[in-house]
Visitor: 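This is the structure I have questions about; it appears just below.
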Amino acid sequence: MATEAEISPREAEVLELVGAHLSNAEIAARLCISVRTVESHVSSLLRKLEVPDRRALARRAPEPAGAAPSRPAPVLPAPLTSFVGRVSERAELAELIRTHRQVSAVGPGGVGKTRLALAAAGQAAGEYADGVWFVDLVPVTDPDLIATAVAGAIGLGEQRGRDMTESVVTALADRHALLVLDNCEQVADGVALLVGRLLATCPRVTVLATSRARLMVPFERVYPVPPLSLAADGGSDAVTLFLERAAAVGGPPAPPLRDQIAAICERLDGMALAIELAAARYPTLGLDGITAALSHPLRMLTGGSRADERHRSVRAALDWSHALLEPADRALLGRVSVFVAPFTAAAAVEVAGGEAAIVAEGLARLAEQSLLVVTASPGGTQYRALETIRQYATERLAEAGELDGTRSRHLRWCLAEATGLTVVGQDWRARFDLVADDLRAALAWAAERPEQRARAYELARHLAELTFTRHLSSEAQRRYEQAAGLAGDPGVTASMLRQAAAVAGCRTIGDDMYRLRRAAADAARGSGDPAGAAADLASAATIAFRFSATFVRVPPGQEAVALIDEARELAGDDPAALAALALAEAAVLADAFGAVQGPPGNAVPDTIERAERAVELARRTGDPLAESAALDALTCAHVWAGDTFATAALSRRRITLLSSLPVSPAGTQELIDALGMVAEAGLGTGDVPGARRWARQLADHPSLAEVGHRAPLMVAALAGDVEEVLAGSVRLLDAWRRAGSPARAYLGPAVAAVALSHGLRDDHDAQREWQQILDQLGTLPERTYGYGAVYDAILLLHRGQAHEALERTAPDTRQVWKWVTWIWHHWYVALRTEAAVLAGSPDARDRLAEARTAVAGNPVAGALVERAGALLDGDREALLATADAFDAAGCRYQAARTLVLAGGDHARRGAATLADLALAPMAPASNPPQAPDGHLGF
C-alpha cells in the first residue's frame with residue numbers, strides 16, 4: 001500500500017478532484033493540464049493505492065477537515081447567511097429522507113424550502129457513501145435540459161452515442177447518494193419523469209425535491225414546509241430571523257421591542273423571505289415604519305383564487321417592498337427580471353433601456369434593498385434577482401403590459417450576444433456559459449410566438465453552433481432540429497437537418513444520422529430541390545452501411561438499395577448528387593465498408609472500381625468532405641485487396657484534405673474518423689511513430705475529451721507501452737460504464753488491447769475482468785481471426801506457449817481474409833511465422849519464405865519475420881540486428897523480447913527493459929529452435 005509520501009502533490013490534487021466526482025476533462029480544465037496527463041495520474045494512483053477502478057479511487061480521496069471518516073464531502077452550496085431555527089422541521093425532513101426514496105418539500109415561494117432542504121441534506125450527508133449533490137433548476141426552462149443540469153452537478157460529461165438522461169441514470173446506477181433537486185416547479189413534469197427513471201434503475205439513490213407544488217407521482221412523499229414559528233417567547237424562529245438579519249444591516253432592535261417584531265412577523269405569516277425583506281428595511285424605516293408599510297393596500301393583492309393564504313402572504317410582502325420603490329426602480333426591476341442568469345449593467349441598459357449611468361444607479365438601489373444580489377467577476381459586476389423576486393417582478397411587468405416588449409428586447413440582446421460569440425477566443429467558454437441560460441430562455445419564449453419565428457430561427461441556429469463548439473453535442477443536435485422546425489424555407493430546413501445529422505455522427509448515433517438525412521431529403525424535395533433530395537437519400541444509404549456498427553436498429557440492405565433507386569430518379573446531372581450516389585453504390589452494392597448487414601465476401605475489383613469512381617466524382621465537386629468520405633470507401637476497398645500500404649497512403653490523403661477546414665459538425669465527424677483510420681493504418685504498415693502521432697492528436701481532440709477513442713490504446717498496446725494503455729483504459733472503462741455498458745463491437749480492439757497489457761503484466765484478475773468486458777461486446781469474426789488472434793499470439797509467445805500460439809493462428813490468411821486484411825494482416829503473418837519456428841513446426845522454413853514476401857516494406861513485421869529466421873538458423877548476430885530494428889521502429893517491447901531470446905548478457909538487459917516497461921518476465925519457449933547441428937541455438 002502506498003504511503004502519502006509516495007503520492008506526488010499533483011497526484012494528490014487529482015485524487016481530491018476524483019473524489020469530488022469530476023471527470024478527467026473537468027480535472028484537466030481545473031488544473032490546466034491535458035486530459036492524457038490526468039489519465040496518467042489516475043492510472044498511477046490506481047496502482048499506488050491498489051484499487052481496481054475509479055469508483056474505488058474516489059472513496060480513497062482525502063476527507064475535508066472535520067468530516068466523518070470514509071464519507072465524501074457533500075456537494076452543497078455554502079449559504080452566505082446563518083440558518084435560523086427549524087430544529088423540528090429539519091429533523092422531520094431528515095427522517096423522511098431516511099425512510100423514503102423520494103421526498104418533495106413543497107410550499108410557496110419565500111417560505112424557506114431551499115434553506116431547509118440544504119440543512120436537512122447536510123445533516124443526512126454522512127449516511128450516503130457517495131455523498132450529496134445539489135442541482136439548481138432555476139435556469140432550466142426546457143425539460144430536456146434537466147438531465148444536463150444534473151450531469152453538470154455530479155461532474156458527468158457528455159457521452160457519445162448516449163443521451164444525457166441515459167448517461168445520468170447509468171452514472172448513478174450503483175451510487176449510494178442523495179440528490180437534491182431545487183426549484184422544480186417550472187419543469188415539474190420533466191422532473192417527475194427523470195426521478196421515476198432514477199428510482200427505478202438506481203436502487204440506492206434518494207431524491208429530495210423542492211417545489212411550489214408537488215410532483216404528482218405515486219412514489220412521492222410530500223413534506224409541506226411550514227412558515228417560521230411565531231411564538232412570542234424566546235422560541236420564535238421568525239423573531240430570531242428578523243433580529244439576526246436586522247443586526248446584519250445596522251444593529252438589532254432593543255430587546256423590549258420583541259413583541260412588536262413578533263407582531264410584524266405574524267402579519268407576514270412567518271414567511272422567511274418576507275421577514276428578511278422587512279428586516280432589511282429596519283435601519284431606514286424602523287419598526288413603526290415597517291408596521292405602517294404593511295398596511296399599504298397593495299399588501300392584499302393575491303395570485304388568484306387558486307393561491308393559498310401563504311402565497312398571498314408572500315405576495316403581500318413583495319407588494320409592500322415593491323411599493324416602496326420609486327417608479328423608475330419598479331420599472332427597472334420588472335425589465336431586468338427577464339434575465340434568468342446573472343447580468344451586467346451594460347446588458348440591463350440594452351434590455352431595460354435608458355442611459356447607462358441612470359440604469360447603473362437604479363441597479364445599485366435595487367441591490368441595496370435586497371432585491372438584487374451583487375457579485376464580482378472577472379468580467380465585471382453582475383446582478384441577479386432571487387427567483388421568487390424575479391417571478392414576482394415578471395408578473396408585475398406583464399400586468400403593466402410591458403412583458404412582451406421587454407422580452408423582445410431581451411431576445412434582440414441575446415441574438416447580439418450569440419453573434420458576438422461566433423469568434424472563439426481565450427475566454428470564450430466563460431462568456432458562453434455566462435449567457436447560455438438567457439439564450440435558452442429567450443429561444444423558448446420566441447419559439448412559441450409566430451411573430452418572432454424568424455428571430456427564433458436565428459437564435460436556434462446560433463445556439464446550435466455555440467453548443468457544438470462548447471462540446472454540448474446532444475443539445476447542439478436538438479437545437480439544429482429546432483432550427484429546422486422554425487425555418488420558414490424548406491431549403492433551410494433541409495440544411496439544418498443535415499447539420500443535425502452530422503452532429504449525430506459526432507455522437508456515433510447512427511439511427512439519428514439516418515433519420516435526419518431522410519428527413520432532410522423530404523424537406524429538400526418540398527423546396528423544389530430534387531438533386532438535394534437525391535444527395536440526402538444517397539447519404540442515408542451510405543450511413544446505413546458506413547456506420548452500421550453505431551446503429552441500434554440496423555437498416556436492412558434492401559432498404560438502403562431502395563433509397564439508392566429513389567436517389568437515381570431524382571439526381572439528374574447534378575454533380576453533388578451523382579457523387580453521393582456513387583459513394584452509396586460503393587457502400588451498399590459493393591459493401592466497401594464491410595457493414596454488419598453486408599455480405600460475407602467482397603468482389604474486390606468491383607469494390608475498388610466503384611470506390612475510385614466515387615472519389616473522382618467527389619473530387620469534381622470541390623467538396624473536401626465529400627472527397628474524404630469517398631476516399632474512406634477506397635481505403636476500405638484496398639483493405640479487402642490486402643494492399644496495406646495503399647490504405648495508409650489514402651488515409652494520409654484524407655488528413656491532408658481535412659486539416660485546414662474550419663470547425664463544423666460534418667468536418668469534425670469526418671476528421672475524427674480520418675484520424676482513427678490513419679492511426680490504425682500506420683500500425684498496419686509498421687509506422688509506429690506515425691501511428692502514435694495521429695493517435696495522440698485523436699486523443700487530444702476536444703470532442704473526445706470525455707470518451708476517448710480506441711486507436712490510441714491499440715497503438716500503445718502494439719508498441720508495448722503498457723503504462724499508456726492502462727492510463728487510457730481508465731477513461732475507456734469509465735465512459736463505457738456511464739454509457740450503459742453497450743455491446744459496441746467497434747470497441748473490441750481497444751478492450752482486447754487492455755486485456756493484453758494486463759496479461760503481459762501477469763495481472764490475471766485484471767485480465768479476466770477485461771476479457772469479460774470483451775465478451776459483452778460480442779464474439780465476431782474480427783475478434784476470432786483478426787485482432788483477437790494477434791493479441792493472443794503476442795501474449796502466448798511472451799508466456800513461452802509457442803504451440804498454443806501456433807494453434808491460435810492456425811488458419812491461413814486466405815481462409816479468413818476479410819478479418820485479417822486490415823491492420824492485422826502483417827502482424828498475423830509475422831506472429832504466425834514466429835510461433836511456427838518456436839514450436840518446431842516442420843513447415844517453419846516454408847512459412848518463413850512466404851512471410852518475407854507478405855510483409856515486405858513493413859519495418860516491424862519484417863523484423864518479426866527476420867527474428868524468426870534468425871532463431872531458426874541459430875544466428876545470434878542476425879537476431880541482435882532485429883533488436884536494433886525494433887528500437888528504430890518504436891517497439892521497445894519487441895526489442896526487449898529479442899534480447900531475452902538472444903540469451904546471456906543480452907537476456908539480462910532485455911529482462912531489465914521488460915521490468916522498466918512494468919511487464920512480467922518472459923517464459924522460455926516450450927520447444928525452442930535448434931541449430932542445424934542439433935544443439936540449441938546460440
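Below, each value reflects all heavy atoms present in this structure, side chains not excepted, and no hydrogens, waters or symmetry copies. In this text, all values refer to a predicted model and were calculated from it rather than measured experimentally.
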Visitor: Could you give the distance from CD1 (Ile655) to CG (Leu650), rounded to the nearest 0.5 Å?
Guide: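 These two atoms lie 12.0 Å from each other.
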
Visitor: Between Ser44 (side chain only) and Ser40 (backbone N and O only), is there a donor and an acceptor less than 3.5 Å apart?
Guide: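 No; judged by distance alone, with no hydrogens or angles, the pair does not exist.
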
Visitor: In terms of side-chain heavy atoms, does Asp687 have a donor or acceptor partner in Thr685 at a distance below 3.5 Å?
Guide: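 No, no side-chain donor-acceptor pair sits under 3.5 Å.
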
Visitor: Taking the side chain as every heavy atom from C-beta outward, state whether Leu901 and Arg876 have any pair of such atoms under 4.5 Å apart.
Guide: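 Heavy-atom side-chain distance check fails, nothing below 4.5 Å.
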
Visitor: Would you confirm whether Trp640, through its side chain, and Ala592, through its main-chain N or O, come within 3.5 Å as a donor-acceptor pair?
Guide: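 Yes, because the side chain of Trp640 sits within donor-acceptor range (under 3.5 Å) of the backbone of Ala592.
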
Visitor: Does any part of the side chain of Leu760, heavy atoms only, come nearer than 4.5 Å to the side chain of Leu756, both counted from C-beta?
Guide: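 Side chain of Leu756 against side chain of Leu760, heavy atoms only: contact under 4.5 Å found.
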
Visitor: Is a donor on one side and an acceptor on the other found under 3.5 Å between the side chain of Thr550 and the backbone of Phe547?
Guide: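 Looks like yes, one N/O pair under 3.5 Å.
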
Visitor: Can you tell whether the side chains of Asp812 and Arg814 come within less than 4.0 Å, N to carboxylate O?
Guide: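 Salt bridge present between Asp812 and Arg814.
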
Visitor: Return yes if a side-chain donor-acceptor contact under 3.5 Å exists between Gln776 and Ser741, otherwise no.
Guide: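 The criterion, which ignores hydrogens and geometry beyond distance, is not satisfied for Ser741 and Gln776.
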
Visitor: Do Thr635 side-chain atoms and Leu631 backbone N/O form a donor-acceptor pair below 3.5 Å?
Guide: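 Yes: the side chain of Thr635 pairs with the backbone of Leu631.
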
Visitor: Counting N and O atoms only, with roles assigned by atom type, does the side chain of Gln771 sit under 3.5 Å from a partner on the main chain of Arg768, one being a donor and the other an acceptor?
Guide: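 No; judged by distance alone, with no hydrogens or angles, the pair does not exist.
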
Visitor: Is it the case that over 12 heavy atoms from other parts of the model lie below 6.0 angstrom from the OH atom of Tyr893?
Guide: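 Atom OH in Tyr893 is packed in, count exceeds 12.
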
Visitor: Compare every heavy atom of Ser757 with every heavy atom of Leu726, then report the nearest pair and how far apart it is.
Guide: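 Heavy-atom minimum between the residues: CD2-CB, 4.2 Å.
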
Visitor: Under a 3.5 Å cutoff, is there a donor and acceptor pairing between the side chains of Gln894 and Arg867?
Guide: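 Yes, because at least one side-chain N or O of Gln894 sits under 3.5 Å from a partner of the opposite role on Arg867.
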
Visitor: Work out which heavy atom in Pro859 is nearest to a heavy atom in Ala889; give both atom names and the distance.
Guide: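 Scanning both residues, the minimum pair turns out to be CB-CB, 4.4 Å.
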
Visitor: Has the side chain of Ser8 got a donor or acceptor atom that lies under 3.5 Å from a matching backbone atom of Glu11?
Guide: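 Yes, because the side chain of Ser8 sits within donor-acceptor range (under 3.5 Å) of the backbone of Glu11.
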
Visitor: Is there side-chain contact between His41 and Glu13, with heavy atoms separated by less than 4.5 Å?
Guide: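 His41 vs Glu13: side chains apart.
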
Visitor: Is Glu680 paired with Arg710 through a side-chain N to carboxylate O contact shorter than 4.0 Å?
Guide: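 Result for this pair is yes, salt bridge flagged.
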
Visitor: Check whether any side-chain heavy atom of Tyr787 sits under 4.5 Å from a side-chain heavy atom of Ile823, and report yes or no.
Guide: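 Side chain of Tyr787 against side chain of Ile823, heavy atoms only: no contact under 4.5 Å found.
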
Visitor: Side chains of Ile672 and Ser703: does their closest heavy-atom pair fall under 4.5 Å?
Guide: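 In short, these two side chains touch, coming nearer than 4.5 Å.
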
Visitor: Please set out all donor-acceptor pairs under 3.5 angstrom arising from side-chain atoms of residues 716-723, sequence neighbours excluded.
Guide:
| from | atom 1 | to | atom 2 | distance (Å) |
| --- | --- | --- | --- | --- |
| Asp721 | OD2 | Arg692 | NH1 | 2.8 |
| Asp721 | OD2 | Arg692 | NH2 | 2.3 |
| Glu723 | OE1 | Arg47 | NH1 | 3.3 |

Visitor: Taking Ser43 for the side chain and Glu39 for the main chain, is one N or O donor matched with an acceptor at less than 3.5 Å?
Guide: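 Side chain of Ser43 to backbone of Glu39, a donor-acceptor pair under 3.5 Å: no, none is there.
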
Visitor: Would you call Glu834-Arg897 a salt bridge at under 4.0 Å N-O?
Guide: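 Salt bridge flag = yes for Arg897 with Glu834.
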
Visitor: Please work out which of the three classes, parallel, tilted or perpendicular, describes the rings of His758 and Trp770, given edges at 30° and 60°.
Guide: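 Rings of Trp770 and His758: parallel, as their planes differ by under 30°.
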
Visitor: Is the gap between the ring centers of Tyr791 and Trp824 under 6.0 Å?
Guide: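 Yes - the distance between ring centres of Tyr791 and Trp824 falls below the 6.0 Å cut-off.
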
Visitor: Are the side chains of Pro712 and Arg696 in contact, using a 4.5 Å heavy-atom criterion?
Guide: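 No. Closest side-chain heavy atoms not under 4.5 Å.
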
Visitor: Please check this pair: side chain of His798 against backbone of Ala920, looking for a donor-acceptor N/O pair closer than 3.5 Å.
Guide: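 Checked: pair present.
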
Visitor: Which distance, rounded to the nearest 0.5 Å, do you find between the CG of Leu864 and the CZ of Phe886?
Guide: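 Between atom CG of Leu864 and atom CZ of Phe886 there are 4.0 Å.
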
Visitor: Are Tyr828 and Pro811 packed together at the side-chain level, in the sense that at least one heavy-atom pair is separated by less than 4.5 angstrom?
Guide: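 With C-beta onward as the side chain, the pair touches.
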
Visitor: Show every salt bridge (Lys or Arg N to Asp or Glu O under 4.0 Å) that has at least one partner inside residues 642-661, sequence neighbours left out.
Guide: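 Qualifying pairs, neighbours excluded: Glu627-Arg653, Asp632-Arg654, Arg654-Glu670, Arg654-Asp673.
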
Visitor: State plainly whether the residues Arg845 and Asp873 are in salt-bridge range, i.e. N to O under 4.0 Å.
Guide: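 Here Arg845 pairs with Asp873 in a salt bridge, since their nearest N and O are under 4.0 Å apart.
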
Visitor: Mind checking whether Leu879 and Glu866 have side chains closer than 4.5 Å, heavy atoms only?
Guide: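 No. Closest side-chain heavy atoms not under 4.5 Å.
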
Visitor: Which atom names give the shortest non-hydrogen contact between Ala851 and Thr833, and what distance separates them?
Guide: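 Looking at all heavy atoms of both residues, the shortest contact is CB-OG1, 3.3 Å.
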
Visitor: For the atom pair CG (Leu658) and OG (Ser628), what is the distance rounded to the nearest 0.5 Å?
Guide: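 Spacing of CG (Leu658) from OG (Ser628) equals 4.0 Å.
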
Visitor: Determine, for Arg60 against Glu50, whether the closest basic-nitrogen to carboxylate-oxygen distance falls under 4.0 angstrom.
Guide: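 Glu50 and Arg60: not salt-bridged.
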
Visitor: Of all heavy-atom pairs between Val855 and His826, which one has the smallest distance, and what is that distance?
Guide: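 Between these two residues, the closest heavy atoms are CG1-O, 3.9 Å.
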
Visitor: Are Phe645 and His638 near enough that their ring centres are under 6.0 Å apart?
Guide: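 When the ring centroids of Phe645 and His638 are compared, they turn out to be at least 6.0 Å apart.
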
Visitor: When you measure from the side chain of Arg832 to the backbone N and O of Thr809, does any donor-acceptor pair fall under 3.5 Å?
Guide: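 Yes, the answer is positive, given that a donor and an acceptor are paired below the 3.5 Å cut-off.
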
Visitor: Closest heavy-atom contact between Cys506 and Gln669?
Guide: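 Closest approach of Cys506 to Gln669, heavy atoms only: SG-N, 3.6 Å.
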
